[in-house]
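Here the structure is laid out as structure tokens; the discussion comes afterwards.
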Amino acid sequence: MKYSKSLIPTLRETPSDAEVISHQLMLRGGYIRKVAAGIYTYLPLGFKVLKKVEKIVREEMENAGAQELLMPMVVTAELWGKSGRWDLYGKELLRLKDRHARDFCLGPTHEEVITELMGTEIRSYRDLPMNLFQIQTKFRDEVRPRFGLMRGREFVMKDAYSFHTTDEDAEREYMNMFEAYKRIFERCGLKFRAVEADTGSIGGSFSHEFVVLAESGEDAVASCDTCDYAANVEKAVAKSKRYLPPEEVTPQAIEKVSTPGKKAVDEVSAFMGVTEDKLAKTLIYLADGNAVVALIRGDHELNEIKLKNIMGCSELELADPETVQKVTKAPSGFAGPVGLKDVEIYADHAIEVMHNFITGGNEKDVHLKNVNRDRDFSVTGFYDLKTVVTGDECPRCEGKLEIHRGIEVGHIFKLGTKYSEAMGATFLDADGQEKPMIMGCYGIGVGRTAAAAIEQNNDDNGIVWPMPLAPYEVLITTLNPKDDEVRELSESIYSSLRKKGVEVLWDDRDERPGVKFKDADLIGIPVRVTVGARGIKEGKLEVKLRSEKDARAVATSEIADAIEGIIKNWTDKL
RNA sequence: CGGGGCGUAGCGCAGCUUGGUAGCGCACCUGCCUUGGGAGCAGGGGGCCGGAGGUUCAAAUCCUCUCGCCCCGACCA
């Protein structure tokens with residue numbers, strides 16, 4: 001493709017509303033343009049990158065035995081009613097009406113459609129297993145879209161759904177997808193980790209996220225510095241063994257202490273002259289509207305997702321001041337477990353081994369010293385409620401956990417029968433018994449993968465594409481296209497590369513060299529050949545990799561072969 | 001949804017406090033010149049100052065409402 005004929009509107013300055021580097025560079029490099037919040041047009045370069053990701057995903061999915069299909073973007077409310085999600089999904093689901101005032105939504109995911117399809121088309125165990133996928137535009141009306149393609153409202157996603165007759169087979173396919181995903185992200189040239197994840201509202205029994213490591217990521221993952229344990233912090237567990245068995249400590253008499261205006265843990269511990277781990281935080285939550293109490297050690301943070309999962313509720317939020325007043329008979333900041341009635345108390349494992357600790361007194365400006373469990377209060381149970389932090393012990397080995405930030409680009413779930421039961425997707429087994437299909441589902445954010453690649457591969461001058469995702473493999477920079485000799489040599493390199501099947505962008509614009517080099521670095525094509533009068537005189541042209549600082553000089557006659565070699569070298573590495 | 005901020009040329013911004021001809025840099029067009037890292041000179045085009053209402057002789061500027069966008073939080077396959 002000739003640059004002079006392409007739509008590549010690069011920007012010298014960074015648009016002010018772009019926060020993260022991938023968003024800035026995609027805008028500046030002429031890859032995307034915003035149409036509305038979280039909704040983008042993919043310009044030719046951006047679209048090419050998207051197609052590169054799609055191609056890798058498609059090939060690996062097909063190699064793994066999945067088949068591609070395409071479901072509609074607009075789905076009926078009726079179908080969503082069958083799974084119960086029309087009422088449950090919330091505002092993220094963009095609902096609309098057609099001219100007959102019938103309800104529809106824009107599909108944020110397609111479990112309903114695919115399960116309905118399989119329910120009607122598949123009757124026998126002989127037809128299973130099956131894994132179907134699509135690459136399609138999804139719409140989720142995010143509360144706060146941000147970071148360009150990393151968190152859009154409209155976005156391209158690969159979603160796959162598998163159907164099985166047995167749990168074992170569903171788990172086999174889960175592992176099959178796990179391996180396929182590893183290959184996909186390896187082929188994309190990304191540094192990533194597969195981590196254990198919370199299943200969230202989608203349900204199901206277990207799940208892994210594929211996370212591209214990047215400081216700008218919205219996810220935090222904990223990983224062990226010794227073994228291969230890695231989990232999203234929503235799910236991550238630290239070793240609880242360290243808290244057991246309880247030390248022998250003589251319980252002392254409980255004591256009221258006046259703590260005027262001291263509410264937060266740091267204030268109370270400073271006031272009392274003790275470390276924060278001598279306190280127990282008492283948090284009042286509303287779980288589906290009912291007040292519950294969570295107890296956690298003063299220096300720990302509660303992981304709300306763990307609490308939510310333990311209670312099995314669908315909504316969990318910190319209680320408002322009125323509720324706190326009602327439950328504890330005190331303003332917030334002075335809650336404690338002692339004397340609480342008619343309320344469930346969920347305590348973290350760390351509380352189990354604490355003695356003579358400090359809690360709120362359930363009275364304004366009062367805390368209690370020398371509180372001991374069983375003697376002074378009892379709990380519903382002890383659970384793992386803590387959010388892990390750097391330095392916690394690995395639950396699997398003697399190593400320590402580290403926290404890294406990352407971008408979730410893929411997520412696989414073993415779903416079970418949640419949707420197949422709700423939607424009546426059953427089959428007859430060999431004994432003539434009707435059973436619900438066991439399902440799995442597997443997603444990859446296509447645009448987000450491209451954005452993640454930029455987050456991981458850029459420098460001060462622009463994008464540094466990994467070869468497999470680059471919109472073009474090679475850029476020919478023709479310094480003076482008005483010089484016949486320069487132009488003709490450029491053209492011959494252009495056509496011989498194309499004959500070899502190399503994807504080439506030829507910068508044939510009549511621009512000053514500085515402009516061309518700046519644009520070249522910005523858009524980030526991996527290989528750049530510079531054709532200028534100087535090189536022709538010397539019989540050698542400059543071939544420079546975007547990822548390397550220095551260029552290499554290659555004899556004019558060997559340019560095409562040398563470049564073919566560079567590209568092949570990349571492919572072989574994968 | 002709560003808190004904060006911003007809407008002025010394609011992009012980045014000034015002007016608003018104290019009302020009176022709408023500006024700057026980049027980009028764009030023409031010409032000259034220049035050609036290995038975003039050149040130079042000269043000339044030029046482009047704006048309902050987000051929208052609606054109000055105050056005023058007069059509003060980008062003051063007031064009210066509204067829409068959009070961004071950031072923090074809450075939320076989130």
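By convention in this document, chain letters (A, B, ...) are assigned in the order of the sequence lines, proteins followed by strands, and residues within each chain are numbered from 1.
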Discussion item. Donor-acceptor pair, distance only, cut-off 3.5 Å: does the side chain of A/Thr478 make one with the backbone of A/Asn480?
Written reply: no

Worksheet item: Would you say the ring centroid of A/Trp506 lies under 6.0 angstrom from that of A/Tyr3?
Response: no

Item to complete: Compute whether any side-chain donor of one residue and acceptor of the other, for A/Ser4 and A/Asp508, lie under 3.5 angstrom apart.
Response: yes

Practice prompt. Give a yes or no on whether a donor-acceptor pair under 3.5 Å exists between the nucleobase atoms of B/G37, that is its base, and the side chain of A/Arg12.
Written response: no

Practice prompt. Sort out the partner of B/C1 for me: Watson-Crick or G-U wobble, both distances under 3.5 Å, none otherwise.
Written response: B/G73

Worksheet item: Contact class for A/Arg509 vs. all strands (heavy atom < 4.0 Å): base, sugar-phosphate, or nothing?
Response: nothing

Below 3.5 Å is the cut-off: list the nitrogen or oxygen pairs between protein and nucleotides 73-75 of chain B, distance only.
none

Extract all donor-acceptor atom pairs below 3.5 Å that involve side chains of residues 438-451 of chain A and protein atoms in other chains or at least two apart in sequence.
residue  : atom : partner  : partner atom : Å
A/Tyr442 : OH   : A/Ser162 : OG           : 2.6
A/Arg448 : NE   : A/Met150 : O            : 2.8
A/Arg448 : NH1  : A/Glu408 : O            : 2.9
A/Arg448 : NH2  : A/Met150 : O            : 3.1
A/Thr449 : OG1  : A/Gly445 : O            : 2.6

Which donor-acceptor pairs under 3.5 Å do side chains of residues 518-531 of chain A form with protein atoms, sequence neighbours excluded?
residue  : atom : partner  : partner atom : Å
A/Asp519 : OD1  : A/Thr10  : OG1          : 2.9
A/Asp519 : OD2  : A/Arg509 : NH1          : 3.2
A/Asp519 : OD2  : A/Arg509 : NH2          : 3.1

Discussion item. Please compare A/Arg448 and A/Lys518 by the position of their nearest nucleotide in RNA chain B and report the one closer to 5'.
Written reply: A/Lys518

Practice prompt. Using whole Å, report how far CG of A/Leu479 lies from P of B/G38.
Written response: 13 Å

Worksheet item: Using a cut-off of 4.0 Å between protein heavy atoms and nucleotide atoms, how would you tag nucleotides 6-16 of chain B 5' to 3' with B, S and -?
Response: -----BSS---

Worksheet entry | A/Gly514 or A/Gly38, whichever maps to the more 5' nucleotide of RNA chain B | A/Gly514

Practice prompt. Give a yes or no on this: more than 12 heavy atoms of other residues, nucleotides or ligands lie within 6.0 Å of atom CD of A/Glu485.
Written response: no

N/O-N/O pairs, protein side and nucleotides 28-34 of chain B side, under 3.5 Å:
residue : atom : partner  : partner atom : Å
B/U34   : O2   : A/Arg512 : NH1          : 2.8

Worksheet item: Which residues pass the side chain to side chain donor-acceptor pair (under 3.5 Å) test with A/Lys308, sequence neighbours left out?
Response: none

Practice prompt. Could you tell me whether the side chain of A/Lys91 reaches within less than 4.5 Å of the side chain of A/Asp141, counting heavy atoms only?
Written response: no

Fill in: base_contact_polar (B/G36 base, A/Asn480 side chain, donor-acceptor, <3.5 Å)
no

Fill in: A/Tyr31 ring center near A/Phe47 ring center (under 6.0 Å)
no

Worksheet item: Centres of the A/His208 and A/Phe178 rings: under 6.0 Å?
Response: yes

Worksheet item: Taking any strand in view, what nucleotide pairs with B/G40 in a Watson-Crick or G-U wobble way, both distances under 3.5 Å?
Response: B/C32

Worksheet item: Does B/G25 have a Watson-Crick or wobble partner in any strand here, with both distances under 3.5 angstrom, and which is it?
Response: B/C11

Discussion item. Are more than 12 heavy atoms, taken from residues, nucleotides or ligands other than A/Glu301, located less than 6.0 Å from that residue's CD atom?
Written reply: no

Discussion item. Both distances below 3.5 Å, Watson-Crick or wobble geometry, any strand: find the nucleotide opposite B/U18.
Written reply: none

Worksheet item: Applying a 3.5 Å limit to both distances, which nucleotide forms a Watson-Crick or G-U wobble pair with B/C65?
Response: B/G51

